[in-house]
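Working notes, beginning with the structure itself.
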Amino acid sequence: SPRLYSGMQPSADSLQIGNYIGALLQWRTLQRDYDAYFSVVDLHALTQPHDAAELREKTRRTAAQYIAAGIEPESSTLYVQSHVRAHAELAWILNTITGFGEAGRMTQFKDKSSRYGTDATSVGLFAYPVLMAADILLYRTNVVPVGDDQRQHIELTRDLAERFNSRYGETFVVPEAITQKETARIYDLQNPTSKMSKSAESHAGVLWLLDEPSATRKKIMRAVTDDEGSVRFDREAKPGVSNLLTIYSALSGRPVPAIEDEFAGSGYGDFKKSLAEVVLAEFEPVRSRALELLDDPAELDRILSVNAAKADAVADATLSDVYDRVGLLRRR
Ligand code: TYM
């Protein structure tokens, strides 16, 4: 069956609702129809300031949340990126065919580097999307389900695959991004025109999968709305309410107009209370399952190890081809 690849950075103790709706919900459904690979991209997480012990813990926690949310580690390959050495090795090769200007045009890089300043911006951050391309291309991936913010990186991945193929001969599959139109971007509840993010400066508008239910409820009740007082989707004029409607719809499976109808004439308070119930009904089983899995880190590590071995075999075969194509002498 065709291949699917995706991953998340272990950059926080918990995933946030944008990761869940923008990526995990799709992963869970699509894994049935694809030979699916899901990684915890710890090498990528090194591009941000971090503490070593905490990174290890966040890596386990991210893996636990994948499983708790329904990724099946017996049929899908769920592993930690750094366990498969081919990722860093292929990234090096791809660095040699990536233009400096091309990498510099990545908007995520531009945003982050302008925030950090040139001295705090590492070469690793610059090369981040090339490592991501390596992740995807190693598995000869057909589809990459991601949120909207990753589309440009997938475009770069396609360009690199085509460039390599034309320079060195057919080697890589050119992958396609899959995004869900309406839910591809979830916004911060306090700042509903910017994307919700694990690395947001303030956490007041971020809904964490592993938060206490009372904290989640409070954040929803305090979400920024507007003065109009009607539950109506209008991304331009009503970004806060529209974002809440998107979340409501994604998690309840009900179309936005049906939700608008239900709350016609009621205030934002009732709508938010109902949304909190919808969110918690989804989060609670995932949260308790994740915490259960984290109680047995040895078992979690065992699952990750078995899966890394599966990934390693596929990745190694691709990397050997690549080494041959580019002219590296084989070690005998
Ligand atoms: P990361 O860890 O930032 O996010 C993981 C996934 O969650 C999606 N996402 C969102 N979707 C909707 N609304 C949001 N507010 C929101 N925030 C995050 C992201 O689009 C992503 O799908 N570079 C990637 C990780 C990566 C990767 C890969 C992905 C590394 N290698 C190979 C796919 C294939 C990243 O930082 O995702």
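We count ligands from 1, going down the list as the structure has it; atoms in each ligand are counted the same way. As the structure is a prediction and not an experimental result, all values here were calculated from the model.
In Ser6, the parts holding a heavy atom less than 4.0 Å from any atom of ligand 1 are both the side chain and the backbone. With a 4.0 Å cut-off on non-hydrogen atoms, Val144 touches ligand 1 through its side chain and not its backbone. With a heavy-atom cut-off of 4.0 Å, Ala184 touches ligand 1 through its backbone alone. With a 4.0 Å heavy-atom cut-off, ligand 1 is reached by the side chain of Asp135 but not by its N, CA, C or O. Proximity of Gln9 to ligand 1, defined as any heavy-atom pair under 4.0 Å, is shared by backbone and side chain alike. Using a 4.0 Å cut-off between heavy atoms, Ile136 contacts ligand 1 through its side chain alone, with no backbone atom that close. For Val41, every heavy-atom contact with ligand 1 shorter than 4.0 Å involves the side chain, none the backbone.
In this structure, Lys272 forms no cation-pi arrangement with Phe263, as its terminal cationic atom is not both closer than 6.0 Å to the ring centre and no more than 45° off the ring axis.
In this structure, Phe126 has its ring center under 6.0 Å from that of Phe100. Aromatic ring centroids of Tyr139 and His87 lie under 6.0 Å apart.
Using 4.0 Å as the threshold, Tyr128 has a heavy atom nearer than that to some atom of ligand 1. Contact analysis leaves Gln81 out of contact with ligand 1, as no non-hydrogen atom separation drops below 4.0 angstrom. The shell of residues lying under 4.0 angstrom from ligand 1, judged by heavy atoms, excludes Gln108.
Between Asp148 and ligand 1, no N or O atom pair is found at a separation short of 3.5 Å. Here's the thing with His153: none of its N/O atoms is less than 3.5 angstrom from an N/O atom of ligand 1. Between Ala23 and ligand 1, a contact under 3.5 Å exists for no N or O pair. Distances between N or O atoms of Tyr5 and those of ligand 1 include no value under 3.5 Å. Close N/O approach between Gly18 and ligand 1 is found [any backbone or side-chain N/O within under 3.5 Å].
Using a 4.0 Å cut-off to heavy atoms of Val146, the atoms of ligand 1 that qualify are 22 (O), 33 (C). Near Gly22, with a cut-off below 4.0 Å to any heavy atom, the atoms of ligand 1 are 11 (N), 12 (C). Residue Met196 approaches ligand 1 through these ligand atoms, each under 4.0 Å from one of its heavy atoms: 14 (C), 15 (N), 17 (N). The distance from ligand 1 to the heavy atoms of Lys195 drops below 4.0 Å at these ligand atoms: 15 (N). Numbered from 1 in the order shown, with element, the atoms of ligand 1 that lie under 4.0 Å from a heavy atom of Gln16 read 17 (N), 18 (C).
Looking only at heavy atoms of the protein, atom 3 (O) of ligand 1 is closest to Lys198 NZ, 3.9 Å. Looking only at heavy atoms of the protein, atom 15 (N) of ligand 1 is closest to Ile186 O, 2.7 Å. The shortest contact between atom 37 (O) of ligand 1 and any protein heavy atom is with Gln150 NE2, 3.8 Å. Ranking the protein heavy atoms by distance from atom 5 (C) of ligand 1 puts Met8 CG, 3.3 Å first. In terms of protein heavy-atom proximity, atom 9 (N) of ligand 1 is closest to Asn19 ND2, 3.7 Å. Regarding atom 19 (C) of ligand 1, its nearest protein heavy-atom neighbour is Asp149 OD1, 3.4 Å. Given atom 22 (O) of ligand 1, the protein heavy atom at minimum distance is Gly147 N, 3.1 Å. Closest to atom 25 (C) of ligand 1, if we only count protein heavy atoms, is Gly7 O, 3.6 Å.
Contact check on Glu260 versus Lys238 returns no salt bridge, with no Lys/Arg side-chain nitrogen under 4.0 Å from an Asp/Glu carboxylate oxygen. In this structure, Arg185 does not pair ionically with Asp149, as no charged nitrogen and carboxylate oxygen lie closer than 4.0 Å. Between Glu102 and Arg163 a salt bridge is recorded (basic side-chain N to carboxylate O distance below 4.0 Å). A salt bridge does not link Glu72 with Arg28: every distance from a Lys NZ or Arg NE/NH1/NH2 to an Asp or Glu carboxylate oxygen is 4.0 Å or more. Between Arg85 and Asp316 no salt bridge is recorded (no basic side-chain N to carboxylate O distance below 4.0 Å). For Glu155 and Arg151, the salt-bridge test fails: no basic side-chain N is under 4.0 Å from an acidic carboxylate O. Using a cut-off of 4.0 Å between Lys/Arg side-chain N and Asp/Glu carboxylate O, Arg232 and Asp226 are scored as not salt-bridged. Ion pair Asp188/Lys195 not flagged as a salt bridge, since none of the NZ, NE, NH1 or NH2 atoms sits closer than 4.0 Å to an Asp/Glu carboxylate oxygen.
Applying side-chain contact (heavy atoms from CB on, under 4.5 Å) to Arg217 and the options Arg222, Glu212, Glu277, Lys273 leaves one that passes, Glu277. When His44, His153, Gln152 are each tested for a side-chain contact (heavy atoms from CB on, under 4.5 Å) with Pro129, only one passes: His153.
A donor atom on one side chain and an acceptor atom on the other are found under 3.5 Å apart for Glu282 and Tyr20.
Side-chain contact between Leu291 and Arg287 is present, with at least one heavy-atom pair separated by less than 4.5 Å.
Using a 30° and 60° split on the angle between ring planes, His203 and Trp208 fall in the perpendicular class, above 60°.
The shortest heavy-atom contact between Gln81 and Asp42 is OE1-N, 3.3 Å.
When His87, Met132, Arg185 are ranked by how near their heavy atoms come to atom 28 (C) of ligand 1, first place goes to Met132.
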